[in-house]
Amino acid sequence: MIEDSPFVAAAPVLVPMPAERPYTYAVPAGMRVVPGSIVRVPLGPRQVAGIVWDGAVEQVDARKLRPIEQVFDCPPIDRAMRRFVDWVAQYTLSPPGMVARMLLRAPEAFDPEPWIEGLQRTLLVPDRMTDARARVLETAEGGLAWTRSGLAHAAGVSATVIEGLKAQGVFETVMIPPRPVVAAPDPSYAVPELMPDQNEAASMLRANVAAGEFNVALLDGVTGSGKTEVYFEAVAAALEQGSQVLILLPEIALTHAFLERFQQRFGAKPGEWHSDLPPRMREKVWRQVAEGGVRVVAGARSALFLPFRELGLIVVDEEHDPAYKQEDRVFYNARDMAVVRGHIGGFPVVLASATPSVESRVNASQGRYARAVLSARFAEAALPDLKSIDMRRAPPARGGFLSPVLIDHMRRTLEKKEQSLLFLNRRGYAPLTLCRVCGHRFGCPVCSAWLVEHRFRGQLVCHHCGHNERRPEACPECGTLDHLVACGPGVERIAEEVVTHFPDARTIVLSSDIMGGVRRLRLELEAIANGEADIVIGTQLVAKGHNFPNMTLVGVVDADLGLANGDPRAAERTFQLLSQVTGRAGRTGKKSLGLLQTFQPDHPVMRAIVSGDAESFYQREISERERAALPPFGRLAGVIVSAVTRAEAEGHARGLRRAAPEASDLFVLGPAEAPLSLLGGRHRFRLLIQGERRADMQGFIRAMLANGPKQRGSVRVQVDIDPQSFL
DNA sequence: AGCACGCCGACT
DNA sequence: GTCGGCGTGCTC
């Protein structure tokens, strides 16, 4: 590969802002840059880091031209990564500069890590020997360099002793390279004994890695079937052939357990990458990934934009997880972009999930992806019994939300001294508050969603934009005192109900708004795993990969929640979430039970969960999508506009229909139906546009941009299609 | 995305 | 009379 370019007097530089194309900068005499060089350039009043890009420079007014200030002493971004940036920009219809910005997010890492001062034994001996000095000399015997504090600590002496020895010339100062953030993983550290079907899947993945070319495998195995062990074999194979590996995880901040597991297999932790990483660590990881010191990264979606130099495998764990979607600035799905990255880099990608997305299932069944299925055979003993509770036949007591059937099972579980989990995917106390006298409903003044009551905090909170206000005593509309009524349940309200039934049980509520952040959450989860709670009431964060060995009952308070929101993926998402939640019970070998409270026990999702027949559910879902030409069959794109009213959104839709009459299928989803997860901070409507070819779609979107709202920057685009068809 | 410029309300 | 809100425009 030719990375060198002839010396040029001007160079295209991609700067980290919404620039549609690289800007042109002068290259001062004597400065040498190549495509991929990271450079410091003036931009308006400030200095920014940019990347020297490919292609010819654009002719630009000589008065505008400013010089590159500095070329960072940093490995250049390789050609594959540059092509990836262009591809992502083109596919997501975002400015390339914004994509480049995602890979320039460790500003201090562009300068080499400073070497640190170390001490090394000389041939001199100290004038007098003391116990402390003897210990120091013994510790430093091997001739290796030590840091001063490290040596003092290891020898159990104070730094003064070391200083004394150094002053006598017994130690001399040497510069030592910065410590690696993680030790090298060893592929043969603890090779596991695999079950026969695991073995078969692992050989397939190993063969994919050995082939050394782009391919995608969908690793499909129910909870407890040992997926992780299987893809670790692919990781081992990639390490053996000298490649770097990226493992994407949907929410790394809570996956402490994963890092431990990795260490048990490979004898060292993987490099970690996520938004909570302290800045200092961030820089080290970025730099060491670029230099090749870090061989494996476990990271959140943003890790896709790390500057790997020898990337040879990407594993996307829980590939169906919606957390892979980035929904601001550059809209992308990291699972899809991982496939693209593999295609560009010419290496394999593994998608793993117990409940694969419909897109990936279809790609597998059409032969674009290989599929490895791990049967439930070895996990079966650990799977809970699943039943639905028909809420029409077994309704809750007046004012309550828990069916007597569920309460009864909770009582029995308590008597056996085992744990129960109640799952409700709704934070706070009640999702809607209204005045019993005049019917006034509390809406968010900013974005028009209903305000959720948080009783512990005494506040009404908008879950959409974060707006909050004190819960008043009187109705702001009619002024009547004490007639405000809470409608519907949130986890806080369920906790209240639980306490009335089981006043002596240790009850805990887990939701993302607990105080103390991730650390506190991790402690709470540990406490629960240690049996320090009898009843846990939680939102979806309890569904993620945590093991509670004594949890034998899972009750889903409102299994229908999320089915009626008009999202084409509602059924799929609900199935995935319920599978995951009910999987929290029964990791014990004890007899365990999952109960779904539902008004629609015959709904395909409930039937699939209760019967365990995922295959027919997926078949049904696939043919439904095909019939309605929804993804992955229809070429569906969503345009998100900051329309606050339905009328406004309809107006945009009309403009678009005029501009592109062939776009016969165009949906406008209002606030009630639109999946909130897809919408940004402000309350927005979503338009879904279909077209047969990507070119059509882009045409529609351009028309939208041209005919759409006048305000600049108010149109955001989400291209929500499987990129496989565009590779 | 930042950051400056610019034009209208409450105030040390 | 100023300080400061965010609307508009520009960055090689």
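Per chain, numbering begins at 1; letters A, B, ... match sequence-line order.
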Atom-to-atom span, [atom1] of [X] to [atom2] of [N] - whole angstrom:
X      : N      : atom1 : atom2 : result
A/L104 : B/dA1  : CG    : P     : 16 Å
A/L103 : B/dA1  : CG    : C1'   : 15 Å
A/Y23  : B/dG2  : OH    : P     : 14 Å
A/R46  : B/dG2  : CZ    : P     : 6 Å
A/M98  : C/dT11 : CE    : C1'   : 14 Å
A/Y25  : C/dT11 : OH    : P     : 11 Å
A/K64  : C/dC10 : NZ    : C1'   : 9 Å
A/R21  : C/dC10 : CZ    : C1'   : 12 Å

Proximity to the side chain of A/P45 - top-ranked nucleotide from B/dA1, C/dC12, B/dC3: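 The closest nucleotide is B/dC3.
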Electrostatic pair A/E108-A/R280, nearest N-O below 4.0 angstrom: no
Test: A/E291 and A/R287 ion pair at under 4.0 Å: yes
Pairing residues for A/A323 by the side-chain contact (heavy atoms from CB on, under 4.5 Å) criterion, not counting sequence neighbours: A/P250, A/E251, A/D321
Residue list, side-chain hydrogen bond (donor to acceptor under 3.5 Å, both in side chains) with A/D54, at least two apart or on another chain: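 side-chain hydrogen bond (donor to acceptor under 3.5 Å, both in side chains) check on A/D54 returns A/R82.
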For A/R457, all residues meeting side-chain hydrogen bond (donor to acceptor under 3.5 Å, both in side chains), sequence neighbours excluded: A/H454, A/Q459
DNA chain C contacts made by residues 48-56 of chain A, counting heavy atoms under 4.0 Å: none
Phosphate OP1/OP2 of B/dA1 contacted by A/R101 side-chain N/O (<4.0 Å):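 Answer is no, no contact under 4.0 Å.
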Sequence neighbours excluded, every pair satisfying ring-ring contact (aromatic ring centres under 6.0 Å, His included) that has a member inside residues 10-66 of chain A: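 As it turns out, there is no ring-ring contact (aromatic ring centres under 6.0 Å, His included) pair with a partner in residues 10-66 of chain A once direct neighbours are skipped.
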Pairs meeting criterion side chain to side chain donor-acceptor pair (under 3.5 Å) with involvement of residues 10-21 of chain A, two or more places apart: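 As it turns out, the side chain to side chain donor-acceptor pair (under 3.5 Å) pairs with a partner in residues 10-21 of chain A, which skip direct neighbours, are A/R21-A/E58.
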Sugar-phosphate only, base, or nothing, as touched by A/P42 at under 4.0 Å among non-hydrogen atoms: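 Sugar-phosphate: the residue A/P42, judged by heavy atoms under 4.0 Å, touches backbone atoms but no base.
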